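A quick write-up on the structure given underneath.
Keep in mind that the numbers below use all heavy atoms, side chains included, and drop hydrogens, waters and symmetry copies. Quick caveat: nothing in here was measured; it's all calculated off a predicted structure. Note on naming: letters A, B, ... go to the chains in the order of the sequence lines (proteins, then strands), and numbering restarts at 1 for each one.
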Amino acid sequence: MRHWLMKSEPSTFGLEHLKASPNRSTLWDGVRNYQARNMLRDDFKRGDLAFFYHSSCAEPGVVGIIQILCAGYPDPTAFIRNHPHHDPKSSRAAPRWYTVDVKFKRELKRIIGLAELQNHAALAAMPLLRRGNRLSITPVSAAEWDYILSLE
DNA sequence: GCCAACGTTGGC
DNA sequence: GCCAACGTTGGC
């Protein structure tokens, strides 16, 4: 089982939106970056866990834990004309973008903020903390996962 | 294949 | 709102 960190802007889709979704579940659509796409397509498996990270907001940081419900599959929103995530270069015959279904697992007892994460040498290798990183999906090692949870 | 221009991300 | 960093596009 792998661990991940998945960013979302709470003003667009935050942990509260996920909790309010039917079955507290949704598809993680709209990823339009090839590196992140490759991870969704090739590496995500049913049963993986991910940190839900709030970005571009007053208090950026890890806010919750979500479960990955299935392996990656073609992102259907890319096929829908007039959808904000539509991409005419992606087709059902040759899908360009991938998604996974995710489910709310739990909220952290407190937000573990970006500034706090940056203060721990044990987390220095996390792609999230690398200067200039903009990937919306990044892997988290088992050691990093446990360490972050120990901060909670 | 190079690289300038442009658009986006995301912290501050 | 600013701006650094990065990815993508497209002319050549």
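- Residue-level contact check: A:S55 touches the backbone only, with heavy atoms under 4.0 Å from sugar-phosphate atoms and none from bases.
- Side-chain proximity of A:R134 to the nucleotides C:dT9, B:dT8, B:dG10 is greatest for B:dT8.
- Salt bridge status for A:R32 with A:D75: present, with a side-chain N to carboxylate O gap under 4.0 Å.
- Ring geometry, A:F44 versus A:W4: the interplanar angle falls under 30°, so the pair is classed parallel (tilted spans 30 to 60°).
- Between B:dG11 and A:Y53, a contact under 4.0 Å exists linking OP1 or OP2 to a side-chain N or O.
- Distance, A:N119 CG to B:dG11 P: 15 Å, rounded to whole Å.
- Between the C1' atom of B:dG10 and the CG atom of A:L5 lies a distance of 14 Å, rounded to the nearest Å.
- Ionic pairing of A:R110 and A:E59 is not present here: no N-O contact between side-chain nitrogen and carboxylate oxygen is shorter than 4.0 angstrom.
- Nearest nucleotide to the A:K89 side chain, out of B:dG10, B:dG11, C:dT9: C:dT9.
- Checked against B:dG10, B:dC12, C:dG7, the side chain of A:Q118 finds its nearest nucleotide in B:dC12.
- The nearest whole Å value for the distance from the CG atom in A:D87 to the P atom in B:dT8 is 14 Å.
- Taking atom CZ on A:R37 and atom P on C:dG7, their separation rounds to 15 Å, with Å as the unit.
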Report the C-alpha distance between A:Y98 and A:V31 in whole Å, list the side-chain angles of each, state the deciding distance to 0.1 Å, and finish with yes or no for side-chain contact (heavy atoms from CB on, under 4.5 Å).
-> CA-CA 7 Å; A:Y98 281 69; A:V31 173; over 6 Å; no
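- In this structure, the ring of A:F79 has its center no less than 6.0 angstrom from the ring center of A:H86.
- The residue A:Q35 sits close only to the backbone: its heavy atoms come under 4.0 Å of sugar-phosphate atoms, none of a base.
- One atom, CG of A:N33, and another, P of B:dT8, lie 14 Å apart when rounded to the nearest Å.
- The distance from atom CZ of A:R32 to atom P of B:dG7 is 20 Å, rounded to the nearest whole Å.
- Here B:dT9 presents its P atom at 12 Å from CG of A:L135, a figure rounded to the nearest Å.
- Across the protein-nucleic acid pair, A:E9 atom CD and B:dC12 atom P stand 15 Å apart, rounded to whole Å.
- Contact annotation: A:K7 does not reach the phosphate of B:dT9 (side-chain N/O to OP1 or OP2, under 4.0 Å).
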